Amino acid sequence: LASNTYDYVIVGGGTSGLVIANRLTEDPQTTVLVIERGGFDNKPQAIVPYYANGLDTSVMLRPKSAPVPNLNNTQWDVNVAAVVGGGSVVNGMGYLRGSRADYDAWEALGNPGWGWEGLLPYFRKSSTFIPPSTEAAAAWNISWDDGFYGNGPVHTHIPSFQYPDMAAFWDAYHQEPGLQLPGESNAGYGPGAYWVPSTIDARDMTRSTARKAYFDPVNRTRTNLQLLTGQTAQEILFEGLRATGVQFMSAADNVTRQAFAKKEVIVATGAIQTPQLLQASGIGPATVLRQAGIAIKKSLPGVGANLQDHPTVQLRFNLSHPSFPSPDSIANDPEYNATVWAEYHANKSGPITLTSSSNQVLLSLAQVLGNNATQADYMVQEFLSQEAEGYLPELYRSSPELVAGFVAQRAIIAELLASPNASVTQASIQGSGRAPNVLLKPLSRGTVTLSPTNHGREGDKESGLPLVQYNTLQNPFDRAAILAILRRARAFWANPVLEARVGPVTETVPGPSKQTDEEIMDGLIGQGALWPSLAHPCGTCAMMPEALGGCVGPDLRVHGVQELRVVDASVMPLIPGALLQATVYAVAEKAADLIRQG
Ligand SMILES: Cc1cc2nc3c(=O)[nH]c(=O)nc-3n(C[C@H](O)[C@H](O)[C@H](O)COP(=O)(O)OP(=O)(O)OC[C@H]3O[C@@H](n4cnc5c(N)ncnc54)[C@H](O)[C@@H]3O)c2cc1C
């Protein structure tokens, strides 16, 4: 370390951390240190869009979750990036914002300035949209609205190549009663069938990551920005209640070092590790800290509570006569495989530029229920009448604030679900028989807690990770919603337009024999086809008032201590009805402005 004192120390050089580091060092007088656990990844997996169809686990930590009681006590791999650029290097690359109503809900939870209008300038500031070719736009009827993007560092694009069977799916959408086709997917419209961009840099048809967008362009020129890799932060250092620095350990030599912040420490370690780092530093639920033998600096029950993710049903169908090529051709046909890779290397075009999906169908609860608003209202009234505490994790029992916060969230979710302007589900349409259907507005809440015996001090890649309890399906609404979503999906896949184009369609997961609620749920769970997570964890250090179990205020400062902010997916109080990264970038851009304002 050239020096061990900087204006700002940012913990986590992931998606959010690199945005903030870039923006703060625009001022040459401001010095910033970023401490990152992972290293630089220059493998093709981190660069070529096609690889977003799979998982590069070599740059991820994958602790096992706690057994999920309602999923047969199965333990799931928790997918956490450990690499410069964080989740943006390993994710599926879809770029989709939630609806206007989703962010207005954040504002309604006590966060002035965090509604759609407050975030839109930052959605624009962070993004650039490059359209597909004129021919592709005409052939696929792709429309967009430039007004919702800017000239920002993150590049987004809809590839011109699309698999032919996508046409069959679009024909089927056109026949869906009540389904809107609003055009631009990132305008906050909510429900509809959309062409959705991916974080592809169309200049060279590579993955647009936080590293490529925010770090590489300034790395050589900004001497006021320093990034340390291979360093795991163990603890935030304090003088009294004022954060002064960070203690971290090098994976290379296990040496522990400290760095100090003249102005602020900013935690950007993501929704799984941020609560762990805060808890390890004495900020968190008193019961968790006591069990782990950690002295309480600030009792804050919400640190590690309110975990939300997107439970996903992995429906599968068999198309008897898919067109050639199909999304499976690259894996199944060596000749095609060789041709498309050659095309990518020569022209940066073709199927290798595609991620798993450029299409998403978003539906409101009433649409899921066959355009039945009365039935939607019934489901909403049912969860509103629940005794909240009965359906929340253990951690909530000792905290009236957490329960009050959940009840406030629940009232807002009820409004969203009763409205035609917010989505309860998202179906990713891929041009094959793969059909992930996502529950976007779960009422169940999970937790992230420090291991009582292992606080993450070892510096070792795998050790010291927190215990993640997804707690999927604890709230009966989630089960009812998933069943309704599955039945709605079945009706869509039975559309005769599809059969006319791709031959008879047969459901393989969970399978046509599963008809009653119990059969469907048992089938999905038994086949491992109900995932607790779409790698969208958030909410574990929520932006809400302390009286509602929140951890940070609308300025993202941690309640009850000084000079400490959190900026990453953990501050989202409610999970948006969309993929997460677009929102993560906008939150970090807005946070950078707030930090500069002091
Ligand atoms: C497999 C996968 C697929 C996804 N697919 C999509 C998708 O298609 N579309 C979409 O919009 N979103 C997707 N997401 C979600 C999205 O990428 C994340 O929400 C987003 O990247 C999270 O950003 P973050 O800044 O909160 O955390 P991260 O980007 O995870 O950054 C946290 C950083 O902190 C570092 N760190 C953690 N602990 C420490 C420590 N103690 N010391 C030092 N450094 C530390 C980590 O190494 C990491 O680099 C996906 C995520 C994953 C993992």
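Below, each value reflects all heavy atoms present in this structure, side chains not excepted, and no hydrogens, waters or symmetry copies. Numbers for residues simply follow the sequence, beginning at 1. In listed order, ligands and their atoms are each counted from 1. These figures come from a predicted structure and were not determined experimentally.
A cation-pi arrangement is not found for Arg207 relative to Tyr95, the charged atom failing to lie both closer than 6.0 Å to the ring centre and inside a 45° cone about the ring normal.
Taking the six-membered ring for Trp and thresholds of 30 and 60 degrees, Phe129 and Trp144 have ring planes inclined between 30 and 60 degrees apart.
Put simply, the side chain of Phe215 reaches to within 4.5 Å of the side chain of Leu225, judged on heavy atoms. Counting heavy atoms from C-beta on, the side chains of Glu589 and Tyr214 come closer than 4.5 Å. Side-chain contact check for Leu61 versus Gln273: some heavy-atom pair is nearer than 4.5 Å.
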Does ligand 1 have any N/O atom under 3.5 Å from a protein N/O, and what are those pairs and their distances?
{"unit_1": "ligand 1", "atom_1": "5 (N)", "unit_2": "Gly92", "atom_2": "N", "d": "2.9"}
{"unit_1": "ligand 1", "atom_1": "8 (O)", "unit_2": "Gly92", "atom_2": "N", "d": "3.2"}
{"unit_1": "ligand 1", "atom_1": "8 (O)", "unit_2": "Met93", "atom_2": "N", "d": "3.1"}
{"unit_1": "ligand 1", "atom_1": "8 (O)", "unit_2": "Gly94", "atom_2": "N", "d": "3.2"}
{"unit_1": "ligand 1", "atom_1": "9 (N)", "unit_2": "Gly94", "atom_2": "O", "d": "3.0"}
{"unit_1": "ligand 1", "atom_1": "11 (O)", "unit_2": "Gly94", "atom_2": "O", "d": "3.1"}
{"unit_1": "ligand 1", "atom_1": "11 (O)", "unit_2": "Leu580", "atom_2": "N", "d": "3.1"}
{"unit_1": "ligand 1", "atom_1": "11 (O)", "unit_2": "Gln581", "atom_2": "N", "d": "2.7"}
{"unit_1": "ligand 1", "atom_1": "12 (N)", "unit_2": "Gln581", "atom_2": "N", "d": "3.4"}
{"unit_1": "ligand 1", "atom_1": "17 (O)", "unit_2": "Asn91", "atom_2": "ND2", "d": "3.0"}
{"unit_1": "ligand 1", "atom_1": "21 (O)", "unit_2": "Thr15", "atom_2": "OG1", "d": "2.8"}
{"unit_1": "ligand 1", "atom_1": "23 (O)", "unit_2": "Thr15", "atom_2": "OG1", "d": "3.4"}
{"unit_1": "ligand 1", "atom_1": "25 (O)", "unit_2": "Ser16", "atom_2": "N", "d": "2.9"}
{"unit_1": "ligand 1", "atom_1": "25 (O)", "unit_2": "Ser16", "atom_2": "OG", "d": "2.6"}
{"unit_1": "ligand 1", "atom_1": "26 (O)", "unit_2": "Ala569", "atom_2": "N", "d": "3.0"}
{"unit_1": "ligand 1", "atom_1": "29 (O)", "unit_2": "Thr15", "atom_2": "N", "d": "3.0"}
{"unit_1": "ligand 1", "atom_1": "29 (O)", "unit_2": "Thr15", "atom_2": "OG1", "d": "2.6"}
{"unit_1": "ligand 1", "atom_1": "29 (O)", "unit_2": "Gly87", "atom_2": "N", "d": "2.8"}
{"unit_1": "ligand 1", "atom_1": "38 (N)", "unit_2": "Gln273", "atom_2": "OE1", "d": "3.0"}
{"unit_1": "ligand 1", "atom_1": "41 (N)", "unit_2": "Ala233", "atom_2": "O", "d": "3.1"}
{"unit_1": "ligand 1", "atom_1": "42 (N)", "unit_2": "Ala233", "atom_2": "N", "d": "2.8"}
{"unit_1": "ligand 1", "atom_1": "44 (N)", "unit_2": "Arg37", "atom_2": "N", "d": "3.1"}
{"unit_1": "ligand 1", "atom_1": "47 (O)", "unit_2": "Glu36", "atom_2": "OE2", "d": "2.6"}
{"unit_1": "ligand 1", "atom_1": "47 (O)", "unit_2": "Ala81", "atom_2": "O", "d": "3.4"}
{"unit_1": "ligand 1", "atom_1": "49 (O)", "unit_2": "Glu36", "atom_2": "OE1", "d": "2.8"}
{"unit_1": "ligand 1", "atom_1": "49 (O)", "unit_2": "Glu36", "atom_2": "OE2", "d": "3.1"}
{"unit_1": "ligand 1", "atom_1": "49 (O)", "unit_2": "Val83", "atom_2": "O", "d": "3.1"}

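For Arg557, the salt bridge (Lys or Arg N to Asp or Glu O under 4.0 Å) partners are Glu264, Asp555, Glu563, not counting sequence neighbours.
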